[in-house]
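One structure is given below, encoded as structure tokens.
Remember, it's 1-based here, ligands and their atoms both numbered in the order they're listed. One is the number of the first residue; the rest follow in order along the sequence.
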Amino acid sequence: MNKIKFISAILILLIVAAVIIKTSKEPVNEEIYLEPSVSVYLSQKDTKDNLKIEQYITGTVAAEMPASFATEALKAQAVCARTYAFKKLLDHTKYPLGADFSDDISCCQAFITQDEFEERHPLSPALYKKIEKAVNDTRGQIMLYNGQPLDALYSSCCGGQTDSSLYAWGKDVPYLRTVKCPYCKSAKPYKSMQYIPSEQICRQLNVAKPLSIKIIKRSISGRTTALEVNGKVMSAAAFRSAFNLPSTWWEFKITPQKVIVYSRGYGHGLGLCQYGANGMAQSGYNYQQILKHYYGDFSLYKLPY
Ligand SMILES: [Zn+2]
């Protein structure tokens with residue numbers, strides 16, 4: 001899709017209203033674009049909520065990033081969430097009950113309503129307002145690459161370096177390349193340790209003791225892509241999910257009773273690092289500089305509503 005086609009497609013999503021502004025002299029005809037109304041599927045209640053897109057983005061930022069994070073990090077998150085959402089709208093992705101989005105993070109972005117958010121933060125009534133302001137300060141802004149909205153992936157903490165789509169998916173996406181991130185170093189998930197009983201690994205993977213675990217392939221950032229457990233090759237994604245590990249960036253230490261996993265980061269590590277964004281904001285970077293750091297070259301486009 002080229003830029004002209006993208007802009008036409010996006011304008012179709014926005015309802016055009018003709019308004020006549022009466023002045024003391026001549027009447028002026030003016031076209032304005034209205035903010036799109038969207039629907040989100042609420043998986044716990046099996047219902048659908050109808051709301052304006054900026055309200056949806058607010059609920060997404062509220063669910064995806066701690067509201068205590070610095071304002072410029074919340075703004076960067078709002079632009080990511082909006083870009084991701086418009087990509088889905090343009091792709092005509094549909095969710096249960098015909099909704100445009102879902103709050104299920106296995107297929108879409110997380111989302112919570114203002115009531116749910118306020119129930120979770122009963123002592124901080126100003127926090128939702130802080131998120132609303134960050135969303136409103138970036139109203140309508142999305143990231144484009146080659147005239148298309150970015151696949152604006154983000155994850156909690158990259159552990160020092162983001163991953164590259166070329167290694168993660170075998171596909172080189174120019175704005176999902178590895179970058180160093182010294183900004184998430186003080187985050188709790190930057191480095192962590194997990195213990196898995198050897199018995200559990202043997203039982204779940206159907207192998208016998210003694211255990212041998214070898215990392216056979218790593219991505220450019222150091223994340224594991226494939227490993228061998230007692231000679232059986234498996235993907236890092238499958239191993240991570242089987243043992244509920246925070247990421248795929250590992251070193252292992254094997255003892256007769258347990259396997260110690262030294263993990264770096266939390267999440268898939270592609271695109272924006274949320275803790276890193278907060279670290280950058282605390283160091284004085286604004287949201288545009290934060291987004292440039294993680295996604296490289298893109299243009300910021302303001303939707304006309
Ligand atoms: Zn990071």
Tyr175 ring center near Tyr145 ring center (under 6.0 Å): yes
Let me check something: any side-chain donor-acceptor pairs from residues 266-274 under 3.5 Å, sequence neighbours excluded? List them with distances.
residue, atom, partner, partner atom, Å
His268, ND1, Leu270, N, 2.9
His268, NE2, Tyr154, O, 3.2
Gln274, NE2, Glu64, O, 2.9
Gln274, NE2, Gln77, OE1, 2.8

The Zn ion (ligand 1): protein N, O or S atoms that are less than 2.8 Å away, sorted by chain: Cys158 SG, Cys181 SG, Cys184 SG, Cys273 SG
Ion pair Arg139/Glu35, N-O distance below 4.0 Å: yes
Salt bridge check: are Arg218 and Glu251 linked by an N-O gap of less than 4.0 Å? yes
Pairs involving residues 158-173, ordered by first then second residue, that meet salt bridge (charged side-chain N to carboxylate O under 4.0 Å, His left out) (sequence neighbours left out): Asp172-Arg177
Pair up each side-chain donor or acceptor in residues 236-245 with any protein partner under 3.5 Å, not counting sequence neighbours, and list the distances.
residue, atom, partner, partner atom, Å
Arg240, NE, Leu245, O, 2.9
Arg240, NH2, Pro246, O, 3.0

